Amino acid sequence: MEKKIVLRTKGVGKYFYDPVKFKVLDDISFEAYSGEFLTLVGKSGSGKSTLLYILSTMDTEYEGELFIDEEKITGQNLNKLAAIRNKNIGFVFQFHYLLPEFSCLKNVMVPALKLGKFSHEEVEQQAYERLDMLGIKDQALKPASKLSGGQQQRVAIARALINNPKIIMCDEPTGNLDSKNTQIVFDIFKQITKEFNQTIIAVTHDNDFAKASDRTIELADGKIISHGLKT
């Protein structure tokens, strides 16, 4: 069955101006598909994190065009972009960015309460379900600061999933984890793509993590030098 395109870029370019004008991304064009686990790799300075920031709709100062679920994102106003992000995109970073004084449950609930689509009770139930799926339901009422690094990252993943986004964008999601927890996160990502048909786009320096993903796009000097193979 042909997979649906959920994100595509057309000729995306990006300049930095400090200390001098420098083209950090040059003519980036690619597609990401529903249910695909896609990794972005390249040496430091290759432009992969800058690209992820554009894909996430957080950076609007670029050339070319970005489409999410066939909707043109480029040129939308900031309020519309915020609504698109909250509905369509979940975020997982190298640092979990949990609110330390909040319980794990409350941390997971925050994006869904902000979206306002479900009642508080429904959101709480959904948050428990996400935590259960990630094997940490028993930690739900603990303050986030009391969990291990691996557990905190799983809470961050549960938070990213709470609004059922089409795409989960990850910036070095295993950068602070040991090999055991890296494998746990990888297995979770594979489960998300296969069972829920959600798309993962992850920037990583971990070659093993990238090789085991469905497809890898490699950047060098702001250009795509390898698209990998669509699975």
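Quick caveat, the model's predicted, so the values are computed rather than measured.
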Beyond-backbone contact of [X] with [Y], side-chain heavy atoms, under 4.5 angstrom:
X    : Y    : value
Q198 : I168 : yes
L113 : H120 : yes
N88  : V6   : no
T174 : N181 : no
F30  : L55  : yes
I201 : L52  : yes
E61  : Y15  : no
R85  : M169 : no

Might you work through the side-chain contact (heavy atoms from CB on, under 4.5 Å) test for Q76 and T57, ending with a clear yes or no? CA-CA 10 Å; Q76 301 275 16; T57 79; over 6 Å; no
Grab the two heavy atoms, one from [X] and one from [Y], that are nearest each other, plus how far apart they are.
X    : Y    : value
V108 : I162 : O-CG2, 3.5 Å
D214 : G35  : OD2-O, 3.9 Å
P143 : P100 : CB-O, 3.8 Å
C170 : I200 : SG-CG2, 4.1 Å
A140 : S103 : O-CB, 3.6 Å
A127 : L105 : CB-CD1, 3.6 Å

Can L81 and L78 be said to form a side-chain contact (heavy atoms from CB on, under 4.5 Å), step by step? CA-CA 5 Å; L81 290 176; L78 294 180; 4.3 Å; yes
Test: E70 and R8 ion pair at under 4.0 Å: yes
With side-chain contact (heavy atoms from CB on, under 4.5 Å) as the test, would you mind laying out the steps for F189 and I157 before giving the verdict? CA-CA 9 Å; F189 284 171; I157 294 169; 3.9 Å; yes
Donor-acceptor under 3.5 Å ([X] side chain, [Y] main chain):
X    : Y    : value
E172 : H205 : yes
K166 : T199 : no
Q153 : G149 : no
T216 : A210 : yes
N163 : P111 : yes
S29  : G11  : yes
D132 : K137 : no

Working note: R154 + L131, criterion side-chain contact (heavy atoms from CB on, under 4.5 Å); need CA distance, chi angles, decisive distance, verdict. CA-CA 8 Å; R154 279 189 266 170; L131 290 168; over 6 Å; no
Measuring from atom [atom1] of [X] to atom [atom2] of [Y], what distance do you get when rounded to the nearest 0.5 angstrom?
X    : Y    : atom1 : atom2 : value
D178 : I184 : CG    : CD1   : 8.0 Å
R215 : Y33  : CZ    : OH    : 6.0 Å
S145 : Q152 : OG    : CD    : 7.5 Å
T9   : I73  : OG1   : CD1   : 12.5 Å
Q139 : L147 : CD    : CG    : 5.0 Å
T74  : I68  : OG1   : CD1   : 9.5 Å

Can you tell me how the ring of F209 sits relative to the ring of F186, calling it parallel under 30°, perpendicular over 60° and tilted otherwise? perpendicular
Are [X] and [Y] connected in the hydrophobic side-chain network, where two residues link if heavy atoms are under 4.5 Å apart?
X    : Y    : answer
V92  : M133 : yes
L7   : V41  : no
I54  : V24  : yes
F67  : I28  : no
Y128 : V123 : yes

With respect to S34, which candidate in D69, N197, T193 satisfies the side chain to side chain contact (heavy atoms under 4.5 Å, CB included) definition?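 Only one option passes, and that is N197.
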Determine whether more than 12 heavy atoms belonging to other residues, nucleotides or ligands lie under 6.0 Å from atom [atom1] of [X].
X    : atom1 : answer
K10  : NZ    : no
K87  : NZ    : no
D59  : CG    : yes
K114 : NZ    : no

Pair Q125-E129, side-chain donor/acceptor within less than 3.5 Å: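 Yes.
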Between D187 and Q191, is there a side-chain donor-acceptor contact under 3.5 Å, judged purely by atom types and distance? no
